[in-house]
Asks: 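Structure below; questions to follow.
As the structure lists them, so they are numbered: ligands from 1, and atoms in each ligand from 1. Model, not experiment: these values are computed from the prediction.
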Amino acid sequence: MRKKIVAGNWKMNKSMDEAMILASEVVHMVKDEVNSDVQVIIAPPALYLTTLQKHTEPVANMGIAAQNCSNKASGAYTGEISASMLKSIGVTHVIIGHSERRQYFNESNEQLAEKVNIVLENGMTPIFCCGESLEQRQGEGFFEFVASQLTEGIFHLSSEDFGKVVIAYEPIWAIGTGLTASSAQAQEMHAYLRGHLASKYGQAIADETSILYGGSCNEKNAEEIFSQPDVDGGLIGGASLKSREFTNIAKSF
Ligand code: PGA
């Protein structure tokens with residue numbers, strides 16, 4: 001049985017005080033209300049990881065993610081944060097290749113493949129993001145485009161390492177726009193991607209890989225989207241900034 005996961009990507013939002021309040025509310029609600037077979041992850045800004053990790057750590061089904069990390073191990077890279085630093089403060093997951101990183105910081109699949117490696121070497125779980133733009137969705141070949149992001153970003157991994165990766169399909173046209181992929185569109189892409197994983201790693205490993213949906217997922221549409229057979233949870237942006245709504249999403253399996 002593959003893992004059900006709901007991850008909240010806070011992006012560049014919240015002051016320290018606000019972040020502490022949000023995290024402690026989420027932790028309490030998750031403890032009291034969310035089934036223990038659902039893994040709930042928060043991804044606050046890097047600055048707050050050390051403090052907030054202390055809130056999430058005691059809760060067995062919670063994790064804490066960085067939104068990015070360097071593709072380099074250490075050294076003279078001013079402003080960067082390494083995977084080993086994240087590991088040393090108890091970070092469990094790292095979001096790799098979010099479309100905003102690809103778009104605004106020109107991250108290539110090649111760099112992302114290096115980031116995936118370094119996250120795995122440090123014993124954390126990469127949440128590898130993929131997804132097509134609106135222009136691509138309106139044209140031809142967008143299934144193949146998303147598959148190629150996986151091929152170039154994670155298909156160099158051994159089967160053993162591949163088994164540790166979580167995938168997030170996030171159509172760019174649905175991120176922060178209020179436009180959600182329909183549950184049928186999400187299922188269609190997720191099933192296609194699972195087939196792509198199976199063609200490389202075999203059906204058994206493909207069936208064990210969690211594929212999350214992201215893009216304007218909220219407490220109203222999560223149940224319908226998560227009920228699709230190939231959707232294993234969500235990567236939640238805007239709706240993860242409110243503890244009640246985020247917890248309701250985690251409860252919608
Ligand atoms: P959104 O963002 O839920 O605000 O659309 C999702 C994401 O970017 O991970």
Side-chain angles (χ1 to χ4, degrees), residues 3-14 18-19 22-23 26 38-46 48-49 63-69 91-107 112 115-116 119 125-137 142 146 149-150 153-154 165-183 185-186 189-190 193 210-226 228 231-253:
K3 268 196 199 121
K4 297 175 198 157
I5 300 170
V6 171
N9 176 9
W10 296 6
K11 307 191 181 182
M12 197 171 70
N13 291 295
K14 303 285 181 194
E18 291 165 346
L22 175 57
V26 168
V38 177
Q39 189 176 28
V40 181
I41 297 164
I42 57 169
Y48 310 146
L49 286 167
I64 189 158
Q67 299 172 13
N68 178 36
C69 75
V91 166
T92 56
H93 294 69
V94 185
I95 299 172
I96 300 289
H98 189 279
S99 61
E100 288 150 18
R101 301 288 325 165
R102 293 174 183 267
Q103 190 180 345
Y104 304 134
F105 303 95
N106 297 319
E107 294 191 359
L112 299 176
K115 292 187 182 198
V116 167
V119 167
T125 303
I127 302 175
F128 187 84
C129 302
C130 58
E132 80 286 1
S133 66
L134 182 60
E135 211 177 8
Q136 287 169 316
R137 171 60 70 162
F142 61 88
V146 181
Q149 292 181 314
L150 300 186
I154 50 180
V165 174
V166 171
I167 293 169
Y169 166 61
E170 300 202 301
I172 297 169
W173 47 273
I175 294 179
T177 57
L179 275 180
T180 323
S182 67
S183 53
Q185 283 173 321
M189 180 60 86
H190 282 227
L193 294 179
S210 295
I211 308 180
L212 315 183
Y213 168 78
S216 299
C217 193
N218 58 42
E219 62 187 348
K220 295 197 180 72
N221 59 30
E223 189 175 338
E224 160 89 19
I225 295 171
F226 294 177
Q228 301 303 308
V231 178
D232 307 307
L235 181 53
I236 316 300
S240 72
L241 298 173
K242 296 185 199 124
S243 54
R244 182 73 267 160
E245 175 152 24
F246 182 60
T247 309
N248 285 349
I249 293 171
K251 288 164 71 177
S252 41
F253 285 99

Asks: Classify the ring geometry of H190 against Y169: parallel below 30°, tilted from 30° to 60°, perpendicular beyond 60°.
Replies: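 Plane angle over 60°, so perpendicular.
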
Asks: Any side-chain to backbone donor/acceptor pair from T92 onto I64? Under 3.5 Å, distance only.
Replies: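 At least one qualifying donor-acceptor pair exists.
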
Asks: Considering only protein heavy atoms, which is closest to atom 4 (O) of ligand 1, and at what distance to one decimal place?
Replies: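 Going atom by atom, the protein heavy atom closest to atom 4 (O) of ligand 1 ends up being G238 N, 2.8 Å.
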
Asks: Below 3.5 angstrom, do we get any N/O pair linking I175 and ligand 1?
Replies: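 N/O-N/O distance below 3.5 Å does not exist for this pair.
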
Asks: May I ask you to identify, for C129, whether its side chain, its backbone, both or neither come under 4.0 Å of ligand 1 on a heavy-atom basis?
Replies: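 No part of C129 comes within reach of ligand 1.
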
Asks: Side chain or backbone, does G214 bring an N or O within less than 3.5 Å of an N or O on ligand 1?
Replies: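 G214 vs ligand 1: no N/O contact under 3.5 Å.
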
Asks: Who's the nearest protein heavy-atom neighbour of atom 3 (O) of ligand 1, and how far?
Replies: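 In this structure, atom 3 (O) of ligand 1 has G237 N, 2.9 Å as its nearest protein heavy atom.
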
Asks: I need the nearest protein heavy-atom contact for atom 9 (O) of ligand 1: residue, atom name and distance, please.
Replies: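 The answer is E170 OE2, 2.6 Å.
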
Asks: Does at least one non-hydrogen atom of A239 fall below 4.0 angstrom from an atom of ligand 1?
Replies: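 Under 4.0 Å: no for A239.
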
Asks: Using a 4.0 Å heavy-atom cut-off, say whether N9 meets ligand 1 through its side chain, its backbone, both or neither.
Replies: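 Within the 4.0 Å criterion, N9 contacts ligand 1 through side-chain atoms alone.
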
Asks: Check the pair E132 / W173 against side-chain hydrogen bond (donor to acceptor under 3.5 Å, both in side chains), numbers first and verdict last.
Replies: CA-CA 8 Å; E132 80 286 1; W173 47 273; 2.9 Å; yes

Asks: Run the numbers for me: atoms of ligand 1, each under 4.0 Å from some heavy atom of G176, listed by number.
Replies: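 Listed by number with element, the hits are 1 (P), 4 (O), 5 (O).
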
Asks: Does atom NZ of K251 have more than 12 heavy-atom neighbours, drawn from other residues, nucleotides or ligands, at distances under 6.0 Å?
Replies: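 More than 12 within 6.0 Å, yes.
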
Asks: If you measure every N/O of H98 against every N/O of ligand 1, is any gap under 3.5 Å?
Replies: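 Yes.
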
Asks: Show which atoms of ligand 1 fall inside a sub-4.0 Å distance from at least one heavy-atom site of G215.
Replies: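 It comes down to these atoms of ligand 1: 5 (O).
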
Asks: Is the count of non-hydrogen atoms from other residues, nucleotides or ligands lying under 6.0 Å from K14 atom NZ greater than 12?
Replies: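 More than 12 heavy atoms, drawn from other residues, nucleotides or ligands, come within 6.0 Å of this atom.
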
Asks: Can you name the one residue among R101, H98, R102 that meets side-chain hydrogen bond (donor to acceptor under 3.5 Å, both in side chains) with E107?
Replies: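 Between E107 and the candidates, side-chain hydrogen bond (donor to acceptor under 3.5 Å, both in side chains) is satisfied uniquely by R101.
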
Asks: Measuring from the heavy atoms of A174, does anything fall under 4.0 Å of ligand 1?
Replies: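 Yes, A174 has a heavy atom closer than 4.0 Å to ligand 1.
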
Asks: So, the side chain of Q39 versus the backbone of K4: is there a donor-acceptor pair under 3.5 Å, distance only?
Replies: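 Not a single qualifying donor-acceptor pair exists.
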
Asks: What donor-acceptor contacts under 3.5 angstrom involve side-chain atoms of residues 231-238, with partners at least two apart or in another chain?
Replies:
residue, atom, partner, partner atom, Å
D232, OD1, R2, NE, 2.6
D232, OD2, R2, NE, 3.1
D232, OD2, R194, NH2, 2.9
D232, OD2, I211, N, 2.8

